[in-house]
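Down below is the structure, laid out as structure tokens.
Position 1 is the first residue of the sequence; numbering continues from there.
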Amino acid sequence: MTAALSALALTSTALYASPALAGLAHDSVVSERPVAWTPHVLDGSVKAIAQVGDVIVVGGDFTRVMAPNRTGETKRAGLFAFRPGTGELLTEFRPEVNGTVISLVPSPDGGVFVGGDFTTVNGEPQQGVTKLSVPDGKRVTGFTASLEGGSAYRLAQHGGRLYVGGSFTAVNGQARTGLARLDGVTGKLDPHLALTLSEPRSGRLRVQELAVSPDGRRLVIGGTFTVVDGERRYQIAMIDTGSSPARLSAWSTEAYSKPCDYEEINTYIRQMDFAPDGSYFAVVTRGGPEKKPGLCKTVARWENEDRAGAEPTWVNYTGGDSIHSVAVTGSAVYVGGHQRWMDNPEGDKDAGPGAVERSGIAAVDPVSGKALAWNPGRTRGYGVEALTPTPDGLYVGSDTDRLAGEYHARLGMFPIA
């Protein structure tokens, strides 16, 4: 290990030991053996998972769920909730949305924010974003936010404020293209976050992904945009949300400006997540079938600092397969997709020198950027779209039914080792 990485490791260790951490940190990598008590999702895919108190809420585009012992098939369209430890479905949690749930975030008052591609909630008009009470699944009528002209792709919340990224053009009748901040109680649009995103690299303008730092002072967004408030920001930008009004940070990078996909992929950035101490964030990407230069089909670490022309601290390449999800716990950077290998910068849909096999899910060392030994494996399919750490472990949501060599249909949980 170099002197620089040694210093980074010491700094990270000290920070993760601090009781003042705002984010969720794990002291160790989770087990390779999933628990036996998660329900099975029998069709579609799981796209979002959130813990709300002592309940786990699951969202996606599925219609049928089965008990952990593979009995008692139950109809659930896009949303259900269960008790961790037993997998018991909450019979009273039966909300109805007329489309796909893409993102879930717990609210500070014990409910759950829901984002996705829908126009009604429990039979009432409400487009793209809503708030549900838990455990009864009722629509919180005081939260009146509604999107126009598109959907929500990613939600995040901090300090009672809800961040929404997506393809919409207005919120509550007021113009907002792709990015908005709402009052978490009323759904009222926050006028102090009103940046202008423009000049999409392909397709329509949208924010595909966003992540807020544990202290709430930084927001990182990824999407089709190439300009933010008149400044070049190619597919990724950092916003200073600690100021009022929020403003574009000096942080910038050209690392995602290289083409690495075909026209159908309007942005190849997929998910991003901050470390529990907020010192860095990780970004994962997908890409087209051909090997091209740049950061397609990778996970990369970026330091949280106001620096123009930033370069990644490290990059881990799959060698030809997309990564769709990421979760940072301090002890590991977990990634999920339909990758076959990690540590594979020379690979081109094959295993290059130094590549390690990691079927559909992997853990990367936060300091070195190399794959950790953790290797449960899963049936690859389209890939993992939901990775959600909790104090007890790591939940995984996907479109396939084999995890660590066992039957776990579209949903599983790896406990703390």
Side-chain angles (χ1 to χ4, degrees), residues 45 47 61 99-100 102-103 115-117 128 147-155 163-171 175-180 195-211 219-239 248 251-272 281-300 302 309-310 312 315 317-326 335 337-339 348-349 382-383 385:
S45 61
K47 298 180 181 295
D61 60 2
T100 300
I102 302 173
S103 188
D117 183 16
L147 310 182
E148 299 170 32
S151 306
Y153 294 141
R154 189 62 55 191
L155 308 179
Y163 294 89
V164 184
S167 59
F168 51 87
T169 56
V171 181
R176 284 291 188 278
T177 301
L179 179 65
L195 287 83
T196 301
L197 284 60
S198 59
E199 299 186 28
R201 65 185 291 270
S202 178
R204 66 182 299 180
L205 198 146
R206 71 181 187 223
V207 171
Q208 179 76 32
E209 177 62 26
L210 55 78
L219 176 73
V220 181
I221 61 174
T224 62
F225 56 86
T226 61
V227 175
V228 179
D229 271 5
E231 301 289 336
R232 180 177 167 88
R233 295 292 189 272
Y234 208 96
Q235 294 195 95
I236 189 168
M238 181 184 290
I239 299 167
L248 183 66
W251 185 91
S252 66
T253 183
E254 287 295 307
Y256 296 104
S257 64
K258 297 181 176 64
C260 80
D261 49 25
Y262 38 73
E263 292 182 359
E264 287 80 1
I265 303 177
N266 297 318
T267 174
Y268 52 86
I269 288 181
R270 275 305 171 258
Q271 287 189 18
M272 50 186 68
F281 58 95
V283 179
V284 297
T285 59
R286 62 178 297 187
E290 298 179 4
K291 182 176 182 179
K292 294 184 179 180
L295 296 186
C296 44
K297 294 168 282 191
T298 66
V299 53
W302 298 90
V315 180
Y317 294 81
T318 67
D321 297 312
S322 296
I323 303 177
H324 301 303
S325 56
V326 61
V335 296
H338 65 254
Q339 75 272 25
D348 185 5
K349 296 179 288 293
Y382 174 77
E385 294 186 83

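Although no hydrogens or angles enter the test, the distance criterion places a donor-acceptor pair under 3.5 Å between the side chain of H338 and the main chain of Y382. Under the 3.5 Å distance criterion, the side-chain polar atoms of S167 are left unmatched by any main-chain donor or acceptor of R206. Listed for the T298 side chain is no donor-acceptor partner under 3.5 Å among the backbone atoms of A300. Although no hydrogens or angles enter the test, the distance criterion places a donor-acceptor pair under 3.5 Å between the side chain of T226 and the main chain of E199. Between the side chain of Q271 and the main chain of E385, a donor-acceptor pair closer than 3.5 Å is present. Listed for the S252 side chain is a donor-acceptor partner under 3.5 Å among the backbone atoms of G309. A donor-acceptor distance shorter than 3.5 angstrom exists from the side chain of S322 to the backbone of G287, with no hydrogens or angles considered. Judged purely by atom type and a 3.5 angstrom limit, S103 uses its side chain to pair as donor or acceptor with the backbone of L155. At least one donor-acceptor pair closer than 3.5 Å links the side chain of Y268 to the backbone N or O of Y256.
The distance from the CD atom of E209 to the CZ atom of R154 is 4.5 Å, given to the nearest 0.5 Å. Distance check: F225 CZ to L205 CG gives 8.0 Å after rounding to the nearest 0.5 Å. Here the straight-line distance linking atom CG of L179 with atom CG of L197 works out to 6.0 Å at 0.5 Å rounding. Remark: R286 CZ to T267 OG1 distance equals 10.0 Å, nearest 0.5 Å. A distance of 12.5 Å separates CD of Q208 from CD1 of I221, quoted to the nearest 0.5 Å. Note: L248 CG to I239 CD1 = 7.0 Å, rounded to the nearest 0.5 Å.
You'll find the side chain of V220 stays beyond 4.5 Å of the side chain of V283, heavy atoms only. A 4.5 Å side-chain heavy-atom check between F281 and M238 finds at least one atom pair inside the cut-off. In this structure, T318 and V335 have side chains that are not in contact, with every pair of non-hydrogen atoms separated by 4.5 Å or more. Using a 4.5 Å heavy-atom threshold, the side chains of R201 and Q235 count as touching. Contact of the D229 side chain with the L195 side chain is registered, since non-hydrogen atoms from C-beta on lie closer than 4.5 Å. At least one side-chain heavy atom of L295 sits less than 4.5 Å from a side-chain heavy atom of Y317.
Minimum heavy-atom separation, W302 to A310: CZ3-O, 3.5 Å. When all heavy atoms of V207 and Y153 are compared, the closest pair comes out as O-CD1, 3.5 Å. Scanning all heavy atoms of the two residues, the minimum distance from I102 to D117 falls at CD1-N, 4.2 Å. Closest approach of D321 to K297, counting heavy atoms only: O-CB, 3.3 Å. Scanning both residues, S257 and R232, for their nearest heavy atoms gives CB-NH2, 3.7 Å. When all heavy atoms are compared, the tightest approach of T169 to G149 is OG1-CA, 3.7 Å.
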Yes or no on side chain to side chain contact (heavy atoms under 4.5 Å, CB included) for V164 and V171, after CA distance, side-chain angles and deciding distance?
CA-CA 10 Å; V164 184; V171 181; over 6 Å; no
Please step through side chain to side chain contact (heavy atoms under 4.5 Å, CB included) for the pair I323 and R270, ending with a clear verdict.
CA-CA 8 Å; I323 303 177; R270 275 305 171 258; over 6 Å; no
